[in-house]
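First the proteins, then the strands, lettered A, B, ... as listed; each starts at 1.
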Number of protein chains: 4
Amino acid sequence: MSKRKTKRELLLEAGLDLFCEKGFEKTTIDDIIARADCGKGTFYRYFDNKDSLYSELENEFNTLFRQEVNKNCHSGMGLRQYTTAALTTFLRVFRQYQRLGMLRFIREQSLEPDARKASINPIMPYLMEMRDYFATAITSGAVRNINPENVVGLIIGATHFFLLRDFKLNLPYSPKDIEDTVDIILNGVARP
Amino acid sequence: MSKRKTKRELLLEAGLDLFCEKGFEKTTIDDIIARADCGKGTFYRYFDNKDSLYSELENEFNTLFRQEVNKNCHSGMGLRQYTTAALTTFLRVFRQYQRLGMLRFIREQSLEPDARKASINPIMPYLMEMRDYFATAITSGAVRNINPENVVGLIIGATHFFLLRDFKLNLPYSPKDIEDTVDIILNGVARP
Amino acid sequence: MSKRKTKRELLLEAGLDLFCEKGFEKTTIDDIIARADCGKGTFYRYFDNKDSLYSELENEFNTLFRQEVNKNCHSGMGLRQYTTAALTTFLRVFRQYQRLGMLRFIREQSLEPDARKASINPIMPYLMEMRDYFATAITSGAVRNINPENVVGLIIGATHFFLLRDFKLNLPYSPKDIEDTVDIILNGVARP
Amino acid sequence: MSKRKTKRELLLEAGLDLFCEKGFEKTTIDDIIARADCGKGTFYRYFDNKDSLYSELENEFNTLFRQEVNKNCHSGMGLRQYTTAALTTFLRVFRQYQRLGMLRFIREQSLEPDARKASINPIMPYLMEMRDYFATAITSGAVRNINPENVVGLIIGATHFFLLRDFKLNLPYSPKDIEDTVDIILNGVARP
DNA sequence: GATGAATGAGCATTCATTCAT
DNA sequence: CATGAATGAATGCTCATTCAT
């Protein structure tokens, strides 16, 4: 019953570990096979090269992202509930699968222009869906007449901020921070 | 009158160009000297290695950042004015000196933990100053009782979002987007 | 039957050849791999760098030296027999494994002070043993009361002289030269 | 009256210092001009390259060597007196002008075969003269019938030994060592 | 399937040498 | 006379990739 990890899985894990520790470019295939404890030939049996292993990891992340969004964010939710769910889901996905998520941050900036677009494509539909939620809310009168993309932008931006502050300064975010942030997005900071 | 550019300046410019185009790791010293049109020895006359050239560029950015914040964000400003100034300044610095700014995004993620902290240090005091602005505004009653760090977080987050959307999807932000975003931060999206 | 030489052995041989021909510093890794007829990566698979290949050769020499001294110089021998054996062994080791021996002469002078001491350490016990032979001979009355270290010094010095004369002027030493030299050390040049 | 050192002299001194400290190959022209505190162009004003500076130093040594031998070793001397003078002169030249002398040891081994011969040529006549002294002493009956070259060989060998022991192990030789060594060469170690 | 020896293109770095000022 | 900026050939070293076992 106990499933021994296959060499392929060991390689994927080792790659993820190392990309997060040392960055993609600085990680060598020798590093990966050393940590996965297998031979060089084995790496090339399963992956064409380092990029192809990276792609697998990215796909894995995208799948997880989609699952979580589908599970947690529904158009039937109320405004505060939905906004909180969106921010929380983003943060949870990047946190629960933290290294996979951070990997995206670490890597995707340095890709070629075309590759940059391609890497965000699988996620775009879900962001569009969120935009549509707020667009609908405007129509229904629950939300003021602002560009709904900017709401999604603030949610994504807050995610960036919390994760990078955690990553760079070791300052994790608290539930209160999330609540605060949602509250600002909904009601603003100004005393009415 | 106009002073011909020195080799050192040519190298810095070439480095900046290439780091932005191909990323730091993928840029070779041969690339840099080819674009700066000078010999390999000349590179090593002025810089110890690629990292040292990068550091110079980062310092340059930090200096520009400080200048712009000092010039544009003052504690005497009103709430909307200040928030707009903060977001605008962030965006202008990263835009006007766009490539220098993007460079930070592209590179700093893959540094060692200690280097990550070090790279953000020169900017921290200015972020603290912003936080203090909002803390004061809470005391004075102009702002509701939320954690002022989260306001700064949303401003930074929005900056991230606008810039990365521009960089990745070639979708630039408009003055209306800025206005919208400030408005959301101040008054929230919810119709009162 | 005869085992084909491994790449590692080919590299060691090529290194020895070239160090002797052109000196250590003037020999490049490209030279070595060209002569060993293998790729650059192969060199670095087996050795960290040129110094590490050199160390291997030095160890090889030290091992040979120890073997020869153990085989040829015994405390039970008579004075002339022992002195002849010592000089002959020195010369044979440096001659039979001529290039390895000469390698020591060529290289070790330019090392850092600490490295100089370290490089002579593996040989020291054997020189001490020789000194002790003559010290014992003084006690037993066979040898006059001189500092036994100076006898060993003359044997080593004669070895230096014969080898360097051979190396520099292409003038090899003869059995008669050895006999002569031992005779001088034992009985002096002065007609009694 | 106080003669300020010329740039040329400063360069020669710096070269000598550095060749002794780090070896010829490891010393760069940048090292030399840094220690001589002058510009790169100045080096090339006075010397064609590093080899040419070395040659000057070697010539300087050879001149000193000739002066000392002429001053101290005369054919009219008695056997012990002459032998002592020869060994002492060798040692003094290499000691008094220690770094120049050691420089020869350090460097000359690694030269090309032809250069090796050339570098010893200026000294050969003086070694021949010593050989002739002992040859004459054989004819006159003061010395037994051995090959006189081997006597010179032992004197040179002893010099090598004393100097290298000093250089490598920091064990200097004493007047007693010289006396001992001359005594062995003249009368042998064996109790008659 | 799994391995790791062998490879060489590619990159960083050094340093002797030139030459305009 | 003196300088030092500029140069690029030479060299050390890395690492992705291949392939015979």
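Note on B/Tyr46: a side-chain N or O is less than 4.0 Å away from OP1 or OP2 of F/dA6. Proximity of B/Tyr44 to the phosphate of E/dT13: a side-chain N or O atom is located under 4.0 Å from OP1 or OP2. A sub-4.0 Å separation between OP1 or OP2 of E/dT7 and a side-chain N or O of C/Lys7 is present.
Between F/dA2, F/dA6, E/dT14, one nucleotide has an atom nearer to the side chain of D/Lys40 than all others, and that is F/dA6. Listed nucleotides E/dT17, E/dT3, E/dA6 differ in distance to C/Thr42; the shortest reach to its side chain belongs to E/dA6.
Atom CG of C/Leu16 is separated from atom CZ of C/Arg35 by 10.5 Å, given to the nearest 0.5 angstrom.
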Next item on the list: Given salt bridge (charged side-chain N to carboxylate O under 4.0 Å, His left out), test C/Asp31 with C/Lys26 step by step and report yes or no.
Entry: CA-CA 10 Å; C/Asp31 291 338; C/Lys26 293 245 180 77; over 6 Å; no
Item checked: Derivation and outcome, salt bridge (charged side-chain N to carboxylate O under 4.0 Å, His left out), residues A/Glu56 and A/Arg8 -> CA-CA 11 Å; A/Glu56 298 270 331; A/Arg8 192 169 185 286; 3.0 Å; yes
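Relative orientation of the D/Phe61 and D/Phe94 rings is tilted, given thresholds of 30° and 60° on the angle between their planes.
The distance from atom CZ of C/Arg45 to atom P of F/dT17 is 17 Å, rounded to the nearest whole Å. The distance from atom CD1 of D/Ile33 to atom C1' of E/dT18 is 14 Å, rounded to the nearest whole Å. Between the CG atom of B/Asp30 and the P atom of F/dT7 there is a distance of 14 Å, rounded to whole Å. We find that CG of D/Asp37 is positioned 12 Å from C1' of F/dA2, with the value rounded to whole Å. Rounded to whole Å, atom P of F/dC15 lies 20 Å from atom CZ of A/Phe47. For C/Tyr54 and F/dG12, the OH to C1' distance is 20 Å, given to the nearest whole Å.
Each of B/Asp48 and D/Ile29 lies near DNA chain E, and the nucleotide nearest B/Asp48 is the one positioned closer to the 5' end. Nearest-nucleotide positions on DNA chain F place B/Cys38 closer to the 5' end than the other of B/Cys38 and C/Lys50.
For the pair A/Lys7 and A/Tyr46, the cation does not sit on the ring face, since its NZ or CZ is not both under 6.0 Å from the ring centre and inside 45° of the axis.
Taking a pair as Watson-Crick or G-U with both hydrogen-bonding distances under 3.5 Å, the stems of three or more pairs touching DNA chain E are E:2-21 with F:2-21.
Taking all atoms of both residues into account, the shortest heavy-atom contact from D/Leu11 to D/Leu53 is O-CD1, 3.8 Å.
Under 4.0 Å is where a charged nitrogen must lie from a carboxylate oxygen, and between C/Glu13 and C/Lys5 at least one such pair does.
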